[in-house]
Amino acid sequence: MAGGWLAVFERAQPIVDRLAGMSDGETHQRGRACLGDDLVAQGRADVAAQFPRQGIELGAVGGAGFIRDRDEALDQDIGSWVAYPYAHAYEDELAGVVFLDANIPGVTLQPVIRLADPDYWRGFHFLFNMIEDLPEALLAGRERILIEWFFNHKTANAMATFDAADIDEYERVYSRLGGMRGMLGYYRAVMQDMKQNEILFSRKLDLAVLALGGDQGSAPDIFSAMQPLGTNVRGGVVEKSGHYIPEEQPHRLAEMLP
């Protein structure tokens, strides 16, 4: 399992417990285990790690740490940016792949943000994050403002999803030296990812694909967008969920997984 922007895997315990069919924090039962980590240079990962600048490299580096033979890859947001090229490069190693509320560069991400669109604010951060150095300077010491704004605006019910301890941990992680820069690097590689993924786009995935969007999320139409990209694609919409499906609707997500 790999999360997206502003993700910290440790805070995804509800879906980890649910996938294991337990509520006491153990993650092995009924033959299902949930393995996961923060993406390279993001969250609690080593921010000093050299950031890979192209998606296919992201796929190799991001997945190699915890994807094992015949696992299913469960990926939200930027995690799906990693999973898409990984699935193409290492399809035989996976039982399936799950894309959660993700706008994948060169695949489902629209190349244009229209200011006349009333939902333009949902994608403003793509442009902001791609600018070199300025976001780090503006956000230094103000990381909590960004985190709370995103959770408040991109969840169906932020107060029921993230508590003060969650926000404290996100703030601690992303206020570390290099914490923001590592995360922003994924957006600064978007143009390279688009070029690379446009090539992959021409070949359909044969493994099982599940594409789910939150009804109040960033990619509620991800299922229809992904259908032409594979031979075995199913999916739909998770109701009463925003962008952060694993944290917002862990029970419903677990029920929808293969």
Side-chain angles (χ1 to χ4, degrees), residues 3-7 39 42 55 58 75-84 99-140 142-162 167 170-171 174 180-198 201 211-229 235-249:
W5 188 40
L6 296 177
L39 295 175
Q42 178 167 289
L58 289 178
D75 306 279
Q76 190 260 343
D77 190 52
I78 293 179
S80 294
W81 300 8
V82 172
Y84 183 72
F99 299 108
L100 298 177
D101 207 67
N103 288 306
I104 305 170
V107 184
T108 60
L109 176 66
Q110 295 297 316
V112 176
I113 296 175
R114 301 185 185 279
L115 295 180
D117 186 340
D119 286 332
Y120 75 92
W121 61 271
R122 293 184 180 276
F124 89 91
H125 59 293
F126 277 88
L127 301 179
F128 178 72
N129 292 352
M130 290 172 70
I131 300 171
E132 293 285 349
D133 301 325
L134 181 62
E136 292 93 324
L138 294 178
L139 293 171
R142 303 180 183 90
E143 294 84 3
R144 194 179 189 95
I145 296 174
L146 177 74
I147 293 164
E148 290 182 336
W149 188 92
F150 261 86
F151 290 167
N152 286 333
H153 286 79
K154 295 220 168 190
T155 59
N157 187 341
M159 294 186 66
T161 304
F162 300 103
I167 304 299
Y170 282 102
E171 181 183 22
Y174 285 102
M180 275 290 173
R181 183 172 294 272
M183 174 271 293
L184 294 167
Y186 285 87
Y187 289 84
R188 292 165 183 166
V190 161
M191 300 306 293
Q192 292 101 312
D193 291 345
M194 282 185 167
K195 292 177 182 178
Q196 162 216 288
N197 287 340
E198 284 171 0
F201 189 86
L212 300 172
D215 65 344
Q216 300 173 53
S218 299
D221 58 349
I222 187 174
F223 172 44
S224 60
M226 293 297 298
Q227 278 185 298
L229 307 183
V237 174
V238 180
E239 304 214 349
K240 297 181 179 179
S241 182
H243 184 51
Y244 299 92
I245 296 174
E247 293 88 349
E248 294 184 67
Q249 293 292 345

Check your understanding: Looking only at heavy atoms, what is the nearest atom pair of P246 and L100, with distance?
Key ->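 Of all heavy-atom pairs spanning P246 and L100, the closest is CG-CD1, 3.8 Å.
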
Exercise for review: Return the set of residues passing side chain to side chain contact (heavy atoms under 4.5 Å, CB included) with R114 (not counting sequence neighbours), or none when no residue passes.
Suggested key: V112, D117

**Study point:** Distance (rounded to the nearest 0.5 Å) between I78 CD1 and I104 CD1
**Key:** 11.5 Å

Point to revise | Residue pairs involving residues 149-160 (criterion salt bridge (charged side-chain N to carboxylate O under 4.0 Å, His left out); sequence neighbours excluded) | key: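 Output for this query is empty, none listed.
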
Practice item. Could you check if a side-chain atom of I147 sits within less than 4.5 angstrom of a side-chain atom of F162, using non-hydrogen atoms only? Key: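 Heavy-atom side-chain distance check fails, nothing below 4.5 Å.
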
Check your understanding: So, Y244 versus F151, ring centres under 6.0 angstrom or not?
Key -> yes

Check your understanding: For D193 and W81, which heavy atoms make the closest approach, and how far apart are they?
Key -> OD2-CE3, 4.4 Å

Check your understanding: CZ of F124: more than 12 outside heavy atoms within 6.0 angstrom?
Key ->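 Counting other residues, nucleotides and ligands, CZ of F124 exceeds 12 neighbours.
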
Point to revise | From T161 atom OG1 to E247 atom CD, the distance as rounded to the nearest 0.5 Å | key: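 T161 atom OG1 to E247 atom CD measures 8.0 Å (nearest 0.5 Å).
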
Point to revise | side chain to side chain contact (heavy atoms under 4.5 Å, CB included) partners for I131, two or more places apart | key: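 Side chain to side chain contact (heavy atoms under 4.5 Å, CB included) check on I131 returns L134, P135.
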
Check your understanding: About how many Å separate NZ of K240 and CG of N157, when rounded to the nearest 0.5 Å?
Key ->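 The CG atom of N157 sits 10.5 Å away from the NZ atom of K240.
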
Check your understanding: How would you list, by chain and number, every residue that makes a side chain to side chain contact (heavy atoms under 4.5 Å, CB included) with Q110, sequence neighbours excluded?
Key -> none

Review point. Got a sec: does the CD of E239 have more than 12 other heavy atoms crowding it under 6.0 Å?
Key: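 No, the 6.0 Å shell around CD holds no more than 12 heavy atoms from other groups.
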
Check your understanding: What closest approach, in Å, do D101 and S218 show between heavy atoms, and which atom pair accounts for it?
Key ->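 In terms of heavy atoms, the two residues are closest at OD2-N, 2.7 Å.
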
Review point. Can you name the side chain to side chain contact (heavy atoms under 4.5 Å, CB included) partners of E148, sequence neighbours left out?
Key: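 For E148 the side chain to side chain contact (heavy atoms under 4.5 Å, CB included) partners, ignoring immediate neighbours, are R144, N152, I167.
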
**Study point:** Gap separating the CG atom of L212 from the CE atom of M226, nearest 0.5 angstrom
**Key:** 11.5 Å

Check your understanding: Between L146 and R142, is a side-chain contact (heavy atoms from CB on, under 4.5 Å) present by the stated rule, with each step listed?
Key -> CA-CA 7 Å; L146 177 74; R142 303 180 183 90; over 6 Å; no

Check your understanding: Taking C-beta and beyond as the side chain, do F99 and T108 meet within less than 4.5 Å on heavy atoms?
Key -> no

Exercise for review: Please report the shortest heavy-atom distance between N129 and R188, naming the atom on each side.
Suggested key: O-NE, 3.1 Å

**Study point:** Spacing of CG belonging to L139 relative to CZ belonging to R181, to within rounding of 0.5 Å
**Key:** 11.5 Å

Practice item. May I ask you to decide if G242's main-chain N or O and E248's side chain share a donor-acceptor pair within less than 3.5 Å? Key: yes

Review point. Taking the inter-plane angle between the rings of Y174 and Y170 on a 0 to 90° scale, is it parallel (under 30°), tilted (30 to 60°) or perpendicular (over 60°)?
Key: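 Geometry flag for Y170 against Y174: parallel rings.
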
Check your understanding: Can the ring centroids of F150 and H243 be said to lie less than 6.0 angstrom from one another?
Key ->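 No, ring centres 6.0 Å or more apart.
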
Revision key, fill the gap. Here the gap from L115 atom CG to W121 atom CH2, rounded to the nearest 0.5 Å, amounts to 15.5 Å

Exercise for review: For G214 and P220, work out which heavy atoms get closest and say how close.
Suggested key: O-CB, 3.4 Å

Check your understanding: What residues form a side chain to side chain donor-acceptor pair (under 3.5 Å) with D119, not counting sequence neighbours?
Key ->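 Side chain to side chain donor-acceptor pair (under 3.5 Å) check on D119 returns nothing, list empty.
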
Check your understanding: If you look at every heavy atom in Q249 and S241, which pair is closest and at what distance?
Key -> CG-CB, 3.7 Å

